[in-house]
Amino acid sequence: MTTTYDYKTRTSYTEDVARQKAAHKVLLRHPFEPSLPVRGYTNRTLHIDHSTLKVTEKQVTQQMKDIFIGGRGFGLWYLWNAVKPTTKWNDPENEIVISPGPLAGNTAYAGSGKSLVVTLSPLTGIPIDSNVGGYFGPLMKFCGYDALEIQGKAQRDVVVVIDGPKKTITIEEAPEENYDSHIAAEVFMHEYADDEKDFVNVSVVSAGKGADHSRIGCLNFSWYDPKRGAARLKQAGRGGIGRVFRDKKLKALVVHGFKLKPDMNQAADFKRTTAVGRVLAKEIHDFDDQQCKMRKIGTAHLVEIMDAYDLLPVHNFQYGQHKDTHKIASPVWEKRFTQGIFDGCWYGCHMACAKGADCHRVKTGPYKGHLVTVDGPEYETAAGLGSNCGIFDPDWILESNFYCDTYGIDTISYGTCCAFAMECFERGILNLERTGGLDLTWGNAEAHVEMLHQMARGQGFGVIVGQGVKYMQEYFAAQGWGDLQFMRDFGMQVKGLEYSQYQSKESLAQQGGYALTNKGPQHDEAWLIFMDMVNNQIPTFEDKAEALHYFPLFRTWFGLMGLCKLPWNDIEPEDNAKHGKDAAKVPDHVYNYTELYAGITGQEATIDDFLRMSEGVYNFQRVFNLRMGVGGRKSDWPPYRSMGPLTVEEYESRAERYDKQLKELIGVDPEGKTTEEKIALHRAWREDRYNKLCDAVYRRRGWTNNAIPTLETLRKFKIDFPEVVEVVKPYLEDGEK
Amino acid sequence: MTVPLNSEFRIPNPGTIIVNGEPMPWKDGMTVADVLKIRNYIFRMLVVQVNGELVKRGTYDQAKIPDGANVEVIHMISGG
C-alpha cells in the first residue's frame with residue numbers, strides 16, 4: 001500500500017515550552033551517581049516520596065533477586081512492605097512501583113523493553129500488575145536503578161525527573177503544562193532533552209484528565225519515533241494505575257537517560273544473546289508476512305480471526321460474531337496504519353507491532369480539528385471500543401482510541417464498561433433521564449466518545465461509567481434501577497477488574513484463565529481458547545488444570561524479566577510443527593529464552609527454573625490478595641455471561657449448538673423444553689464444571705480447596721516469611737498447616 | 001498424496017472422519033484444505049496431523065484424507 005499522506009504532519013504543542021518550563025519551581029534537587037547494570041542488575045533501587053520530598057536509594061539483596069527476581073516480583077515485594085492490610089488505593093502509602101526486570105533493555109532479542117507497574121488498584125483493592133512498552137524502564141535502569149517506588153501524595157501537581165547525564169533527581173512543581181498525554185509526552189520531552197538528537201533519550205510517564213475522575217485510568221509511557229518525529233505512547237492499561245498516579249498529583253515522571261550503546265546490561269556472555277536474537281530476527285523477517293503480519297497490522301490481525309471462531313465480543317459479550325466485522329477487520333487497519341516505517345516500542349524489536357494511524361483529524365472535544373497520530377488500535381481496543389459496543393466504524397474507533405489514550409483511560413476497561421452501560425440502556429435499566437440525555441443504544445459512537453469527554457471534565461454520566469462495572473452494578477441497584485444479581489450475571493468483571501476482549505463461553509479452561517487470575521480477568525495470564533475449545537487438546541479437568549499451571553507461570557516469567565510475550569508465540573520457527581501437540585509452547589523459542597537469560601545473568605536455567613521463579617512470585621501475589629481481604633474460592637467466581645448463554649436471545653442465537661450439548665453432554669432431551677428451562681439446565685451443568693475445574697486447579701497449584709496456598713507451598717518457594725505465614729494461617733484447617 | 005491410515009485408529013463410522021475430537025462427514029477426494037474451509041479454520045498458524053502424521057504447510061491442497069481418519073488441527077496460541 002502506498003501512503004498518500006504525510007505521516008510527519010501533526011498538530012504541534014511545543015510553542016509555549018520555554019514559558020511552561022520557566023514556571024517550574026524546583027522543590028528538591030537530589031544528586032546521584034549513575035551506573036550501568038552488571039549482568040542485568042544495577043543492584044539498587046530508588047524510593048521517592050514526592051510529598052515529603054525524600055529520595056532514598058535501596059540496595060537489592062541477593063534474597064530479593066533469588067525470590068522476587070525482578071520486574072513484577074520487585075514491584076510486589078516493595079508494595080507489600082509499603083502498605084498495610086487496611087491501606088486503600090488513595091492512601092499516601094500506596095505506591096506505584098515501576099521495574100523493568102533483569103533482561104529489559106537488551107537490544108539483541110525482540111521484545112525486551114518492558115516495564116512492569118504495580119500498585120493497589122482502585123478497581124480491585126488488591127495489587128495490579130501491568131506490562132508496558134516505551135523507553136522509560138530501560139532508560140531508568142541504565143541511569144542506575146532496577147526499580148522506582150513512588151510514594152506519597154503532593155499538594156500541587158509535580159513532575160519527578162531522573163536525569164542521568166545531569167546526575168540529578170528533581171521534584172518540580174509544574175503548573176502550566178497540559179497533562180493530556182499526547183501533549184505531555186511531547187512537551188516534557190522538549191523540556192528535558194538537550195536537543196532534537198536527544199529526544200530518543202527521554203521518556204515520559206503521564207496520565208491525562210480522564211484519570212482525574214475515573215478508576216479505569218491508565219498510564220502512558222512514551223518513546224520517541226524519529227521517523228515520524230513524534231512522541232509515541234504505550235499503555236500500562238489495566239487496573240486504574242493512572243487514577244492512582246493523578247491522585248498522587250503526579251503530572252509526569254520523566255527520565256532523561258544516556259545514549260544507548262550495545263550491551264548496556266553488561267551481559268555475562270553477550271554473544272549468546274545476539275546469537276539467539278539473530279535467529280529470531282530472521283524468523284520474523286522470513287515468516288511474519290505468512291503468519292500473524294505483526295509488522296503490518298500488529299495484534300489487530302486478530303479481529304476477523306476471533307470473529308470466525310465466534311470469539312469476538314459483540315454487544316457486551318453476548319455473541320462472538322457480527323455481520324459487520326469486516327468493517328473493522330485487519331485489511332482496514334493495514335490501510336490506516338502507516339506502513340514501511342519502524343514501529344518497535346524498544347530498540348531491536350523486529351516485530352515492530354506498535355502500529356500508528358497517522359493524520360487522524362480529531363472530530364470532537366477539546367482537540368477537535370487537530371491532526372494526531374493514534375497509537376493503535378490493537379486487537380483489544382478494536383474489539384472493546386468497537387464490536388463489543390456495536391461500533392463498526394473505524395474512524396470512530398480511532399477517535400475513542402485517541403481520547404482514551406490522551407485522557408489516560410484504559411481502552412479495555414472502557415470498552416467493557418461502555419458495553420455494560422449500553423446493555424443496561426437496551427434493557428431499560430438505564431434511560432435518557434438516567435444517563436443525562438446520552439442515548440446508549442448499540443453502535444452510538446458519538447455518545448460513546450462523549451462519555452470520555454465527561455470523564456475528562458469530571459461531570460455527567462461518563463463519570464459513573466468510569467468507576468467501573470462493579471461500581472455501576474451496585475450503584476444502579478442502589479438506585480432501584482435494576483436487579484443486582486442479573487447485572488452481576490452480565491457485568492463482565494471479576495474481583496472488580498473488567499474482562500479483556502475474548503468470548504469464553506465455550507472454553508472452560510479460558511473461563512478459568514480469566515477468573516482464576518490473581519489481578520482479575522486479563523488474558524495475559526493464560527489464553528487457552530484455541531487449545532481447549534478448538535484443538536480439544538485438554539479435555540479433562542486435570543489437563544485444563546495443567547495448562548492453567550504452565551501458561552500463567554510462563555507468562556508471569558515475562559513480567560519478571562521485562563520482556564514482551566509476543567515474540568514467544570506470535571511468530572514461530574518454520575519447523576515448529578515438528579513438536580506436534582507441544583507446538584503451542586514453541587519449544588525452540590523457550591530455548592532462546594534460556595540462552596538469553598544465561599547470556600545476560602550468567603546463570604544457566606531451564607524452563608523448570610523459569611516456572612519455579614514465577615511460582616514463588618505468583619503464590620506471593622495470591623497471599624497479598626488475601627492480606628488485602630480478597631481471596632477464597634468466591635473471589636474466583638466469574639459472571640455467568642462468561643460461562644454460558646444467559647438470556648433467551650443468546651441461547652436462541654446458537655440454539656443448535658446448545659441443544660446438541662444438552663443432548664450429548666448433559667444427557668437431557670431438549671425436545672419440548674422452553675428456552676428458559678434449557679438455559680437453567682445449561683447453567684447448572686456449566687457452574688458444576690467450573691467448580692470441578694477450580695478443584696483441579698487449586699490441587700495443581702498447591703492450594704487448599706478454598707484457593708489458599710498451603711504452608712508447604714509457601715515453604716517450597718521460600719516465601720514462608722513470618723508475615724506471609726501470618727496472613728495465610730487463619731484460613732487453613734489443621735490438616736493443611 | 002494420500003496420508004496412510006493409522007492402523008491403531010478405529011474408524012468410527014464409514015463416511016466419517018474425526019476432526020479435533022468431533023465427527024465430520026467424509027467425501028471421496030477430501031483434502032486438508034477442504035476440512036479447514038468447512039470448519040472455517042482461517043487462522044494461519046496451524047499444525048495439521050492426519051492419523052498422527054504431520055502434513056506440511058503448503059501441501060494442504062494436495063493432502064488427501066482417507067475415510068475414517070483422525071485429523072488434528074492444532075492452532076497455536078498467538079495473540080492473547
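As the structure is a prediction and not an experimental result, all values here were calculated from the model. Lettering follows sequence order; numbering is per chain, from 1.
The shortest side-chain heavy-atom distance between A/His301 and B/Arg44 falls under the 4.5 Å cut-off.
Counted within 6.0 Å of NE2 on A/His285, heavy atoms from surrounding residues, nucleotides or ligands total 12 or fewer; the atom is thus considered open.
With a 4.5 angstrom heavy-atom cutoff, A/Phe551 touches chain B only via side-chain atoms. Neither the backbone nor the side chain of A/Gln522 comes within contact range of chain B; no heavy atoms are under 4.5 Å apart. Looking at A/Gln537, only its side chain comes within 4.5 Å of chain B, counting heavy atoms on both sides. Looking at A/Leu528, neither its backbone nor its side chain comes within 4.5 Å of chain B, counting heavy atoms on both sides. Contact of B/Arg57 with chain A is made through the side chain alone, with heavy-atom distances under 4.5 Å.
Aromatic pair B/Phe43/A/Tyr309: centroids not less than 6.0 angstrom apart.
Closest non-hydrogen pair, A/Ala308 versus B/Ile42, comes out as CB-CD1, 3.6 Å. Counting all heavy atoms, side chain and backbone alike, B/Leu54 lies closest to A/Ala577 at CD1-CB, 3.6 Å. The minimum heavy-atom distance linking A/Asn535 with B/Asn20 is given by the pair CA-ND2, 3.6 Å. The minimum heavy-atom distance between B/Tyr41 and A/Val534, with the atom names listed, is CE2-CG1, 3.7 Å. The shortest non-hydrogen separation linking A/Ala583 to B/Val47 is CB-CG2, 3.8 Å.
Residues satisfying the side chain to side chain contact (heavy atoms under 4.5 Å, CB included) test with A/Gln511, not counting sequence neighbours, are A/Ser504, A/Leu508, A/Met643, A/Tyr690.
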| request: Would you sort out whether A/Asp570 and B/Met76 count as a side chain to side chain contact (heavy atoms under 4.5 Å, CB included), showing the intermediate values? | output: CA-CA 9 Å; A/Asp570 281 69; B/Met76 300 296 98; over 6 Å; no

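Counting only residues at least two apart or on different chains, the salt bridge (Lys or Arg N to Asp or Glu O under 4.0 Å) pairs with a member in residues 286-306 of chain A are A/Lys282-A/Asp286, A/Asp288-A/Arg295, A/Asp289-A/Arg295, A/Asp289-A/Lys296, A/Lys293-A/Glu334.
One distance of note links NZ of B/Lys56 with CD of A/Glu574; it measures 7.5 Å at 0.5 Å rounding. Annotation: the span from A/Gln291 atom CD to B/Leu46 atom CG amounts to 10.5 Å, rounded to 0.5 Å. In this structure, the separation between CZ on A/Phe287 and CE on B/Met45 is 11.5 Å, given to the nearest 0.5 Å.
Taking the charged nitrogens against the carboxylate oxygens, A/Lys581 and B/Glu72 do have a contact shorter than 4.0 Å, which makes a salt bridge.
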